[in-house]
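Only one structure is covered here, and it is reproduced in the block below.
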Amino acid sequence: MINYFNDYANLCFEKFGDRVKHWITFSNPWTHAKVWHSYNNTWRSEQQGMVGISLTSDWGEPVDPYSQTDRDAAERYIQFHLGWFANPIYRGDYPEVMKNYVGRKSAQQGLGTSRLPTFSVQEKTYIKGTSDFLGIGHFTTRYVPQKSFPFLQVSSYHTDSDLAELVDPKWPAPGPKWLYSVPWGFRRLLNFIKTQYGNPLIYVTENGVSEKVQCTQLCDEWRIEYLKGYINEILKDSLITHMEMVTEIVLPTVFTLCILISIVLLIFYLRNHR
């Protein structure tokens with residue numbers, strides 16, 4: 001699989017690299033690293049492009065920010081979602097908390113080794129630092145408390161972390177039931193990335209909300225509010241948390257704002273010409 005994908009990537013570099021300067025690979029640390037090294041060794045000097053990875057993660061907020069147990073649970077949530085793939089690339093290995101939890105659950109199952117693979121020293125060196133930018137997909141937030149799952153003979157990723165997910169009933173739910181609008185969670189996720197991974201260059205590759213209801217007329221106000229809230233959180237000069245501001249972030253803001261402005265103008269036009 002890794003070699004096949006690398007061959008495919010090299011074909012893309014060869015055919016389109018003179019025009020395409022930003023590449024997103026496969027959401028697997030080893031596959032991604034293989035392609036990054038291929039580009040770095042063969043194509044970068046000529047094409048002057050960038051190779052990154054795109055990862056999707058919600059934000060996990062502690063139920064009680066003064067509780068160490070809740071703070072640990074919330075960070076474990078992020079590590080099991082984002083850190084699973086980002087940590088090897090930016091820090092050289094899977095998150096320690098993930099190795100500990102999956103290793104313990106694997107031992108309880110009677111397995112001789114952890115279900116989470118182990119990187120060799122050579123693999124860690126090969127993977128670490130192989131990203132010119134980080135693409136982030138983000139949609140919503142959860143409150144995350146500790147929840148100890150009973151021993152299961154067949155454990156899974158969903159029970160390894162010993163976590164539950166809660167929502168605030170006051171959060172707007174403009175789209176499907178799982179997608180609550182919590183703009184401040186996006187900013188906290190970006191700050192987490194900055195402090196954990198050395199302030200990488202970020203592209204927002206996924207964000208938005210699906211259609212809530214079928215309308216016979218234009219009814220997109222809820223989508224406008226969702227996008228406006230998330231964009232404003234990214235663009236804030238001052239923080240609502242103790243973390244420092246993200247100082248280097250690139251996202252398709254211009255295109256998004258153009259779409260928003262066009263939608264607003266269209267709404268006004270339609271209302272005035274009924």
Side-chain angles (χ1 to χ4, degrees), residues 1-57 78-79 81-96 98-99 116-138 186-187 189-208 231 234-235 244-258:
M1 174 66 181
I2 294 174
N3 290 330
Y4 286 140
F5 187 80
N6 188 59
D7 291 342
Y8 163 73
N10 274 283
L11 179 63
C12 292
F13 296 150
E14 178 186 350
K15 299 300 183 182
F16 308 113
D18 59 328
R19 287 154 289 165
V20 178
K21 301 304 178 183
H22 293 80
W23 300 91
I24 293 175
T25 62
F26 196 79
S27 56
N28 174 284
W30 182 257
T31 306
H32 164 80
K34 179 80 170 179
V35 173
W36 187 91
H37 280 289
S38 289
Y39 189 85
N40 199 53
N41 296 334
T42 306
W43 306 101
R44 187 185 300 276
S45 60
E46 174 187 349
Q47 298 179 356
Q48 297 296 306
M50 303 175 73
V51 176
I53 192 169
S54 180
L55 304 175
T56 300
S57 179
I78 302 299
Q79 296 293 2
H81 284 77
L82 179 65
W84 186 10
F85 301 108
N87 246 56
I89 294 170
Y90 287 97
R91 308 188 75 171
D93 201 358
Y94 291 118
E96 285 298 319
M98 195 172 187
K99 292 193 292 183
L116 186 68
T118 301
F119 292 120
S120 67
V121 175
Q122 292 78 12
E123 288 172 336
K124 292 177 182 179
T125 302
Y126 186 79
I127 294 172
K128 185 178 181 181
T130 58
S131 193
D132 302 319
F133 63 87
L134 176 61
I136 285 294
H138 174 78
F186 199 3
R187 187 162 188 81
L189 177 64
L190 293 172
N191 277 298
F192 177 88
I193 292 169
K194 176 186 176 180
T195 57
Q196 287 284 311
Y197 305 131
N199 196 25
L201 176 65
I202 295 174
Y203 286 89
V204 177
T205 48
E206 290 183 275
N207 178 251
I231 292 172
I234 296 172
L235 299 178
E244 295 181 10
M245 182 175 141
V246 177
T247 56
E248 185 176 15
I249 177 167
V250 180
L251 71 160
T253 305
V254 174
F255 301 104
T256 306
L257 289 176
C258 287

From [atom1] ([X]) to [atom2] ([Y]), nearest 0.5 Å:
X: N191; Y: N199; atom1: CG; atom2: CG; result: 9.5 Å
X: Y39; Y: E46; atom1: OH; atom2: CD; result: 8.5 Å
X: I234; Y: I202; atom1: CD1; atom2: CD1; result: 9.0 Å
X: L201; Y: M50; atom1: CG; atom2: CE; result: 5.0 Å
X: F119; Y: K99; atom1: CZ; atom2: NZ; result: 9.5 Å
X: Q47; Y: T42; atom1: CD; atom2: OG1; result: 10.0 Å

Quick one: are [X] and [Y] in side-chain contact, heavy atoms under 4.5 Å?
X: V35; Y: F26; result: no
X: I127; Y: I89; result: yes
X: Y90; Y: L134; result: yes
X: I193; Y: L189; result: yes
X: L55; Y: W84; result: no
X: Q196; Y: I78; result: no
X: N40; Y: T130; result: no

Worked check of side-chain contact (heavy atoms from CB on, under 4.5 Å) between L82 and I136: CA-CA 9 Å; L82 179 65; I136 285 294; 4.0 Å; yes
How far apart are the closest heavy atoms of [X] and [Y], and which atoms are they?
X: F133; Y: V51; result: CE2-C, 3.9 Å
X: T56; Y: E206; result: OG1-OE1, 3.0 Å
X: S38; Y: W43; result: O-CD1, 3.7 Å
X: Y197; Y: Q79; result: OH-OE1, 4.2 Å
X: G137; Y: T205; result: N-OG1, 3.8 Å
X: S131; Y: G52; result: OG-CA, 3.7 Å

Take T25 and H32 through the side-chain hydrogen bond (donor to acceptor under 3.5 Å, both in side chains) test and state the conclusion after the steps. CA-CA 6 Å; T25 62; H32 164 80; 2.6 Å; yes
Verdict with reasoning, F13 to W23, per ring pair (Phe, Tyr, Trp, His ring centres under 6.0 Å): CA-CA 9 Å; F13 296 150; W23 300 91; 4.9 Å; yes
With salt bridge (charged side-chain N to carboxylate O under 4.0 Å, His left out) as the rule and sequence neighbours excluded, what pairs involving residues 18-44 come up?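 Counting only pairs at least two positions apart or across chains, the salt bridge (charged side-chain N to carboxylate O under 4.0 Å, His left out) contacts touching residues 18-44 are R44-D132.
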Sidechain-backbone polar pair: T31 side chain, S27 backbone, donor-acceptor under 3.5 Å: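 Judged by distance alone, no pair lies under 3.5 Å.
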